[in-house]
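Taking it in order: structure first as structure tokens, then the write-up.
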Amino acid sequence: MTFTHFPHFIAEGSNYDIGFAIGEHFLNNITQTLLQSARFQHLWSQDQKNPAIADQALRLIEEHFPQYLQEIKGIADGASQNFRSILLMNLMHLYDDENCSTLVIKTPDRILLGHNEDLHKILVDNSYYVTINLQDGCQIFTHAYPGCVPGFSHGFNSHGIVITCNYVPDPVKAIGIPRTILGRWMLESTSIQDAIDRAVKFSPRSGGVSYNIISLKEHRAVNLEITGNDHALTEIHDVYYRTNHYISEKLSFIAIPSDEISTTRIRYERGCELLSQVSPTHSDMLKLLWDDQVFIKGKLEPHNVVHMTMNTTLFEITNEIGVKIFPRDRDEAVFDSFHL
């Protein structure tokens, strides 16, 4: 399967086989990212000064999720990269970086989810989509960043579970089970409760995140906010919008990022202003997600890193899951009505 703006690849077999196939197929994307990403260079520099952080995360992955460690090794081997480099790519959440805006609309007969995927330009330019056929029969379609275990961005599986992720600033700052690993494990869930259990089972966790979880079979939508050692669940009954701070009653005491380069408050307040104008249609959802104050056209961060919205993905959950993917530079979907 091919679509114009984003590469897509199908991988299957053992976790190592899946990793190797993805690493080999996207060797150029991964290599270019490792060479040019200021984010990775920062991680590499920090690891040279203090390898204990990555070593601790590695021990936790090896103990609790050896299958994903095999996948990381497979990516490294397939892409002809050293293991440590690929491991560090899977720990990039250790370095705060706000991204993504998400809108959910639930009606009696369907659930719509719209998601802006935001990140650094070099990662945007080299990311891709994969379909993974696991040995237990589960299929996953997901966006993936170069060198990373697929599944901590936005995607869905053949059990009818859709998950998108938004960064939130975890106040705990613990070194625990990495967000990348938990996100992938959750994307293999069979129900919303299964996904919740997987997200909160381990403490401490590393990397704050807000999960938007939808189940086709249950006709249910929830938001799950987690910190390193706590979580909050919000049931979505009608319209729900979020960016990159904790908004649940339980965790809203955690401050919104206030530094000069943060767009979280602007995107959230503007989105909330537009909610009253949004009906359960793709066109209205896109009006909000593509608003000039919500859609990030390009923002310069420290170290001359450009942050931008990569694409907008619309999920429509009725008696099946439909997907439309809109590149940042087009108002027409390049990937439409895909079903596992």
Side-chain angles (χ1 to χ4, degrees), residues 9 11 13-97 99 119-128 130 132 142-153 165 167 170 173-185 202 204-209 228 302-305:
F9 181 67
S14 68
N15 287 92
Y16 180 84
D17 292 340
I18 288 169
F20 187 92
I22 291 172
E24 184 176 49
H25 188 81
F26 292 111
L27 181 152
N28 290 336
N29 303 64
I30 295 169
T31 301
Q32 185 173 358
T33 301
L34 292 175
L35 290 175
Q36 298 183 11
S37 171
R39 183 190 192 117
F40 173 74
Q41 297 304 324
H42 173 81
L43 285 171
W44 184 262
S45 174
Q46 293 299 106
D47 187 58
Q48 295 300 299
K49 298 173 184 175
N50 183 15
I53 295 176
D55 289 343
Q56 184 176 346
L58 175 59
R59 285 193 294 271
L60 289 168
I61 299 171
E62 190 169 27
E63 178 181 357
H64 298 288
F65 296 101
Q67 70 272 34
Y68 303 136
L69 183 59
Q70 287 300 309
E71 204 159 306
I72 292 171
K73 290 179 177 178
I75 293 171
D77 291 346
S80 300
Q81 298 292 336
N82 68 71
F83 170 77
R84 191 74 174 191
S85 293
I86 301 302
L87 173 67
L88 292 177
M89 287 298 290
N90 283 273
L91 302 179
M92 61 182 178
H93 59 279
L94 296 178
Y95 154 90
D96 288 346
D97 188 23
N99 52 77
L119 209 57
H120 297 155
K121 186 177 187 303
I122 186 65
L123 295 170
V124 167
D125 290 345
N126 285 287
S127 66
Y128 39 83
V130 293
I132 300 172
T142 184
H143 171 260
Y145 284 109
C148 294
V149 170
F152 78 105
S153 174
C165 308
Y167 159 83
D170 181 11
K173 306 293 185 186
I175 303 301
I177 296 294
R179 170 189 163 183
T180 47
I181 300 301
L182 280 183
R184 168 55 180 280
W185 195 41
F202 295 94
R205 297 174 290 268
S206 183
V209 62
H303 311 297
N304 292 317
V305 173

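Just so it is clear, the structure is predicted and the values come from calculations on it, not from any experiment. If you read the sequence from its start, that first residue is 1, and numbering goes on from there.
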Side chains of Ser37 and His120: is there a donor and an acceptor less than 3.5 Å apart? no

Test side-chain contact (heavy atoms from CB on, under 4.5 Å) on Tyr128 and Ile30; report intermediate values, then the result. CA-CA 10 Å; Tyr128 39 83; Ile30 295 169; 4.1 Å; yes

Correct closest heavy-atom pair for Thr142 and Pro150 would be CG2-CB, 3.7 Å

Would a distance-only check, ignoring hydrogens and angles, find a side-chain to backbone donor-acceptor pair under 3.5 Å from Asn90 to Gly147? yes

Would you give me the side-chain donor-acceptor pairs under 3.5 Å for residues 48-58, sequence neighbours excluded?
from, atom 1, to, atom 2, distance (Å)
Asn50, OD1, Ala52, N, 3.4
Asp55, OD1, Arg84, NH1, 2.8
Asp55, OD1, Arg84, NH2, 3.1
Gln56, NE2, Ile175, O, 3.4

Can you check side-chain contact (heavy atoms from CB on, under 4.5 Å) on Leu123 and Met92, steps first, answer last? CA-CA 11 Å; Leu123 295 170; Met92 61 182 178; 4.3 Å; yes

Interatomic spacing from CD1 in Ile72 to CD in Gln67 - rounded to 0.5 Å: 10.5 Å

Between Phe9 and His25, how do the two ring planes meet: parallel, tilted or perpendicular, split at 30° and 60°? parallel

Audit row: Ile61, Leu69, side-chain contact (heavy atoms from CB on, under 4.5 Å) steps and yes/no: CA-CA 6 Å; Ile61 299 171; Leu69 183 59; 4.0 Å; yes

So Trp44 and Leu88, side-chain contact (heavy atoms from CB on, under 4.5 Å) or not? Walk me through it. CA-CA 7 Å; Trp44 184 262; Leu88 292 177; 3.4 Å; yes

Quick one: salt bridge (charged side-chain N to carboxylate O under 4.0 Å, His left out) partners of Arg184, sequence neighbours excluded? Glu71, Glu188

Taking every non-hydrogen atom, the tightest pair across Phe152 and Arg179: O-NH2, 3.6 Å

If you measure from NE2 on His64 to CD1 on Ile181, what distance do you get to the nearest 0.5 Å? 12.0 Å

Tightest non-hydrogen contact, residues Ala76 and Phe83, listed as CB-CA, 3.9 Å

Ignoring hydrogens, what is the shortest heavy-atom contact between Ile86 and Ile75? Give both atom names and the distance. CG2-CG2, 3.9 Å

Keeping Ser45 on the side-chain end and Gln41 on the backbone end, is there a donor-acceptor pair under 3.5 Å? no

Do Ile177 and Trp185 come within less than 4.5 Å of each other through their side chains, counting heavy atoms only? no

Answer yes or no: is there an ion pair linking Lys73 with Asp77, defined by an N-O contact shorter than 4.0 Å? no

Would you check if Met89 and Thr33 make a side-chain contact, meaning some heavy-atom pair closer than 4.5 Å? yes

Classify the ring geometry of Phe65 against Tyr68: parallel below 30°, tilted from 30° to 60°, perpendicular beyond 60°. parallel

Asn29 side chain vs Pro146 backbone, donor-acceptor pair below 3.5 Å: no

Spatial distance of atom CG (Leu43) from atom OG (Ser85) [nearest 0.5 Å]: 10.5 Å

Heavy-atom pair of closest approach, residues Asp170 and Gly208: CB-N, 3.3 Å

Show the nearest heavy-atom pair for residues Ala11 and Ile22, with the distance to one decimal. CB-CG1, 4.1 Å

